[in-house]
2 protein chains.
Amino acid sequence: MAASSSLTLSQAILAPPTSHGSNPPPSDRLFLPIFSLPTYSGLKSTPSTPSSHPTRSPTTSRRRLYSLRPVRSSAAVETLPKTDTALLEKSINTIRFLAIDAVEKANSGHPGLPMGCAPMGHILYDELMRYNPKNPYWFNRDRFVLSAGHGCMLQYALLHLAGYDSIKEEDLKGFRQWGSKTPGHPENFETPGVEVTTGPLGQGIANAVGLALAEKHLAARFNKPDSEIVDHYTYVILGDGCQMEGIANEACSLAGHWGLGKLIAFYDDNHISIDGDTEIAFTESVDTRFEGLGWHVIWVKNGNTGYDEIRAAIKEAKTVKDKPTLIKVTTTIGYGSPNKANSYSVHGSALGAKEVDATRKNLGWPYEPFHVPEDVKKYFLINVLAFFSHIGIGAAMSLRVLLLKLSGMLNLPNMRRNIKEEASELKSIISGELPAGWEKALPTYTPESPADATRNLSQQCLNALAKVLPGFLGGSADLASSNMTLLKMFGDFQKNTPEERNLRFGVREHGMGAICNGIAHHTPGLIPYCATFFVFTDYMRAAIRISALSEAGVIYVMTHDSIGLGEDGPTHQPIEHLASFRAMPNILMLRPADGNETAGAYKVAILNRKRPSILALSRQKLPQLPGTSVEGVEKGGYIVSDNSSGNKPDVILIGTGSELEIASKAADELRKEGKAVRLVSFISWELFDEQSNAYKESVLPEAVTARVSIEAGTTFGWEKIVGTKGKAIGIDRFGASAPAGKIYKEFGITAEAVVAAAKALC
Amino acid sequence: MAASSSLTLSQAILAPPTSHGSNPPPSDRLFLPIFSLPTYSGLKSTPSTPSSHPTRSPTTSRRRLYSLRPVRSSAAVETLPKTDTALLEKSINTIRFLAIDAVEKANSGHPGLPMGCAPMGHILYDELMRYNPKNPYWFNRDRFVLSAGHGCMLQYALLHLAGYDSIKEEDLKGFRQWGSKTPGHPENFETPGVEVTTGPLGQGIANAVGLALAEKHLAARFNKPDSEIVDHYTYVILGDGCQMEGIANEACSLAGHWGLGKLIAFYDDNHISIDGDTEIAFTESVDTRFEGLGWHVIWVKNGNTGYDEIRAAIKEAKTVKDKPTLIKVTTTIGYGSPNKANSYSVHGSALGAKEVDATRKNLGWPYEPFHVPEDVKKYFLINVLAFFSHIGIGAAMSLRVLLLKLSGMLNLPNMRRNIKEEASELKSIISGELPAGWEKALPTYTPESPADATRNLSQQCLNALAKVLPGFLGGSADLASSNMTLLKMFGDFQKNTPEERNLRFGVREHGMGAICNGIAHHTPGLIPYCATFFVFTDYMRAAIRISALSEAGVIYVMTHDSIGLGEDGPTHQPIEHLASFRAMPNILMLRPADGNETAGAYKVAILNRKRPSILALSRQKLPQLPGTSVEGVEKGGYIVSDNSSGNKPDVILIGTGSELEIASKAADELRKEGKAVRLVSFISWELFDEQSNAYKESVLPEAVTARVSIEAGTTFGWEKIVGTKGKAIGIDRFGASAPAGKIYKEFGITAEAVVAAAKALC
């Protein structure tokens, strides 16, 4: 086997990886492009003997020669050579038939897109992209996103040809089956080589904007003039469906605004969506719209066989450095199928045995299902090997130089900050290892600390964390001054100041969430947060769900979390939102009551790198309550105060967030009247669920059925906590426009109501 | 008082209004523009003595003269006259100061937009729009939507000046206070004269697309060459915030596609959003984007004082009949405030006493807060009165002719359908009265009817309803062939076939929902439905919430409602969605189990005209179960089968939708083993909640704590039904990509699991 050894020189420079709660890959694997080379049974050639390629033409040889040069950045003006067209087409048809065969075997899936987009996909994976199939998490890889995720067989076929271990032949045969690495839509958490989770349309292009943003940000922070350690492209394929979704417009407007020149999106312009010709619902000029959004737009008129057109478009895109590029590639959906191409029938169903045969004849494909011809294997793999031997080592050398610098072994003038600090920041970002003792930066409070809104306390936490977490960045959807999310020590991330960390999303909640998913998935140590009013999670719910599903530890800072926002009225007052997120899998819904709980919520959120957190925060001032604690928060529900003994209170009062104060007042009142009252804060149902039965019993003893909860939101779900004999006080109607105190009183969210309910129970 | 009598001639033609469950205004009020004239104390002039207007200029007189002509349609090419500019500006300043004063008194609200948009708002309400302040629901009124809903004081001031009873001086003084008609954002259900509920950005412009669609559709169906009974414009004001939201792009793309020529949107281009200058997040070319979307675009460079520019733009917009028009009006936010204009500080906070004084000086405003000068009152009202006397009667006459025709008293050639039928259809649409016996059209099923997916059974219901409900129309977000939502007897609503009833929304779920809200609010008898996969309610949740809040009886047809969709995997499989809607106020979440329950769900949905319904429907086949019924559905939860006596079953099994079959199988199994088992269908928690305690006890007796529920979704919330001693079987994780049967088995959603749980309890 060819060079299977790792690069010990660079490893020697790197600190050894340390373990981490969320188990990121060891940091050296993330730094370095190369670990071991891919192998194929039957593959004889190696990169050092390119002439052994059986069908190599002189043109191809020039290309191979080209790829020996350790280029980057200048790649934007490279001359892309022509290749052996017959073999190229055979290779492209391999992708088409892998897709056809897998969908046919599963009798489920979407063959149309892979058949139409195989040429552009092939050119990307075979000729342009930098990646390492044996180390899919190599930090500086080019990112590829299939925003039209239903066409995932395109990506699986490409990953297979490129030699990713995640997609073997048996994985292709297991397409859409239980436990396979080839689910019905691309899922990053299932399949190494897949960057993000797509399928819900429009999410992928917005994720890609986040990936490109991350690259631009990190490059601005860590690249040095002679050592561009962060330097990759982000490629996307999106279809008509993505283009129609509002989220795509939001994200692309931001990409244009931010000037993300290394974002290159291929728009699969095939004129077909599920309901038929796009003429029935989509007749806008996408080109004109994208020009309005500040993109460079190129039209490839023949995406089916215009390989040089595609290559030239990419070349042109790379010359445009201050704008993202949309390459509109006109293709035929289901290209090659004589009777179903260019129709919706090939979009989302198996072709059927008869049409598969017809397509085989039409494209001259004599092979068995799932067969990859030997010459295609070699043809595709040669590039990967060339990358290993040359580009890869070039990149590794570049890394070495940077690391030496960052380690303080070289002393350059005009460095912004302490070099050692920069080295440690970069390592933390790439590895995802949090700096030791980071949590000590979080503020602490005593009951004597001034009352404050949790949105303001949140701002104290955000600013404290930004000082100690090098990958912490984020912003608001045009509500920074209401959400209190500005990082005071940093400026705005903008086109010309990409090293800064305050993101300005504009009023684009959905795009914001999906962009943050992209940032989180770019590099383990990037920790994005984003903010709006809690009620407007409705605008971004699809993106939040993908955070949860795809294990992106985005932090959602959601202020104005109840009727407590007052006069803006019911359109702005969340009611059902807490319950709706408590019902969502793999997400933490946190509603802190004061300063210590806010700090605790942030501690939990930062530690949960594979689970998003939503912090529901108040607009209104709240007192610092005696008995709240970070440790309590970590358990989800805990005793704040108690005058009972023997785990037998007369009544348990349970509150969350701004209503913990009310419950506390009621507890005082009841205790004055001689009752044994336990006050429980229930900041996170999910965390409480994860505690031991013994702990749960210590907080909510089964024998005590006299329980009263209070929360300024729906009572839906509270039966679980208060039981059938308890009482949940909440709001099961829409809110109202009036000063907050008035609404609380009119809706009965009061200490008096809690006292009355408690007395009725004990 | 001037002509306070109603138009008895037209009344005589109309059938008397009949009562209706959702209490729409009597149909004659909806048909007729005029009932009684507005009055103002101090108003002396009448339309018949226009010269009594104290400051009337010759130009103004010409204008008055103009409005005596009974014009419509030709209005598009009318010559808009100039008016007395000093008085016009005084009138505009009245709006500004009403907004300033109301925000100041409430110490809460958004003065900036009303101050900047007062000129365009004034020209719309005073010079152009056709409406009747004494009959806000007159069917053929021009519609106005303030998409930038935070600027609602603009609309309240305009409604006040126009003489709407809903906005008296005391209402302005009660701005944002408990119980007032002037909540913090416009709410149609609180304030007659407000068409839709806005505030969440982007919703209003999408609602407006729905309003304009409804006009185009009804005009195409019911207008006759010499009697254009349906003929109005839809005007919108939207700001930078709306423009950034993806939903706005979705809806505007459709408006362009549909060629909604009578939709005229004013884009308040003030360069300021909450976070400051739009330069920080919004630098796209909106003009270019809208040209790409197929709109006609006009730029009014001086929206602050360029009254003739605004008028000319509207005139031009009306000449463009095949495209909607965006009038970009560059304004100064907070115009008139010497120190705060053109800054974010005037966007969402009271000016403060000092700046109010400075603004008064700057604009030469000597009056007390909330004062409307007499000459302004008269100036504004003259137009309304002129409308009453002339345009109004013209419209009424036109109505009379149409009604005569439709009543079969005139006999025109080439009528499409039976005239009597058309008359009755139009009356039903305008009044919201459902045709007698409509529910008999719903299909019925027996246990012998073939098994079928509820999405297919839904299609049978949709097509049955379309035959009997003249205002029934709708469609899918590019999933018509999966959601099974096509109405087979109709074609597609398109630019040139607007009389048809299948709406093709493209992949634009959010826009779809908001457009349907607009359709529903256009006319009581329009009943829109819309469809996508249930999981993608996440994309449109903000619009669904506005359906619920604003009392729009939209029907959401949501198929592929669980892991039962199989191979598409977790991105497409709803888990938390049922719970998330059960938690939302004023919405019906219905999950039918078979044909009879699907028909029952539609019956409930149609009857609930002020509450939206969501139908969760299966992709997979389900048997027709013995014991299901429409009557049962209407109670929300009911006994499907029972072998117990004395209301004392050993165990109660509860299922919904596709899992009722599983529960039924488990019941059979347990009964074979001698158990007394009650099987309950729980199709709608909301409807069950509304039943009497006696009924609830008859279904779920308190004494029977052995209860097992099964539903292929989160168990969150089920404690309410099964109690602390019962068992909820469900799915508290994300789904998986595999054939449906496999996932059901792996996740334990099986009859065996139900049997085991039941045995553990009884």
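Proteins get letters first, then strands, A, B, ... in listed order; numbering begins at 1 in each.
Neither the backbone nor the side chain of B:Ser550 comes within contact range of chain A; no heavy atom of the residue lies under 4.5 Å from a heavy atom of that chain. For B:Pro574, the part sitting under 4.5 Å from any heavy atom of chain A is the backbone (N, CA, C, O) and nothing else. Of the two parts of B:Phe734, the backbone and the side chain both hold a non-hydrogen atom closer than 4.5 Å to a non-hydrogen atom of chain A. Of the two parts of A:Trp295, neither the backbone nor the side chain holds a non-hydrogen atom closer than 4.5 Å to a non-hydrogen atom of chain B. Interface remark: B:Thr283 contributes backbone and side-chain atoms alike to the contact with chain A (heavy atom separation under 4.5 Å). Contact of B:His150 with chain A is not made at all, since no heavy-atom distance falls under 4.5 Å. Within the 4.5 angstrom heavy-atom criterion, only side-chain atoms of B:Trp685, from C-beta onward, approach chain A. Only the side chain of B:Thr197 comes within less than 4.5 Å of a heavy atom in chain A; its backbone stays farther off. With a threshold of 4.5 angstrom between heavy atoms, A:Val286 does not approach chain B through any atom at all. Both the backbone and the side chain of B:Gln177 come within contact range of chain A, judged by heavy atoms closer than 4.5 Å. At a 4.5 Å heavy-atom cutoff, the contact between A:Glu187 and chain B is made by side-chain atoms alone. Residue contact with chain B, scored on non-hydrogen atoms closer than 4.5 Å, involves the side chain of A:Asn249 exclusively. Contact of B:Leu254 with chain A is made through the side chain alone, with heavy-atom distances under 4.5 Å. Both the backbone and the side chain of A:Ile280 come within contact range of chain B, with heavy atoms under 4.5 Å apart. Within the 4.5 angstrom heavy-atom criterion, atoms from both the backbone and the side chain of A:Phe282 approach chain B. Heavy-atom distances place no part of B:Phe533 under 4.5 Å from chain A, backbone and side chain included.
The side-chain heavy atoms of B:His572 and A:His185, taken from C-beta on, include a pair separated by under 4.5 Å. Inter-residue side-chain proximity for A:Leu201 and B:Glu509 is flagged as unmet; no heavy-atom pair is nearer than 4.5 Å. Put simply, the side chain of A:Glu576 reaches to within 4.5 Å of the side chain of B:Pro585, judged on heavy atoms. Using a 4.5 Å cut-off on side-chain heavy atoms (C-beta onward), A:Gln203 and B:Thr571 make no contact. In this structure, A:Tyr539 and B:His510 have side chains that are in contact, with non-hydrogen atoms separated by less than 4.5 Å. The closest side-chain heavy-atom distance from B:Arg508 to A:Glu245 is not below 4.5 Å. Between A:Arg545 and B:His577, some side-chain heavy-atom pair lies under the 4.5 Å cut-off. Looking at heavy atoms from C-beta onward, A:Arg176 lies in side-chain contact with B:Asp568 at the 4.5 angstrom threshold.
When each of B:Gly256, B:Gly566, B:Ala548 is checked for heavy-atom pairs under 4.5 Å with chain A, B:Ala548 comes out on top. For the set B:Gly713, B:Pro570, B:Gly717, B:Ala477, the count of heavy-atom pairs under 4.5 angstrom toward chain A peaks at B:Pro570.
Of all heavy-atom pairs between B:Glu567 and A:Ser108, the closest is CB-OG, 3.3 Å. Of all heavy-atom pairs between A:Ala583 and B:Ala579, the closest is CB-CB, 4.0 Å.
Proximity of a side-chain donor or acceptor of B:Asp478 to a complementary backbone N or O of A:Ile274 within less than 3.5 Å is detected. Within the 3.5 Å criterion, the main-chain N or O of A:Pro183 finds no donor-acceptor partner in the side chain of B:Ser737.
Inspection of the B:Thr288 and A:Glu291 side chains reveals no N or O donor paired with an N or O acceptor under 3.5 Å.
The aromatic rings of A:Phe716 and B:Phe716 are tilted relative to each other, their planes meeting at an angle between 30° and 60°.
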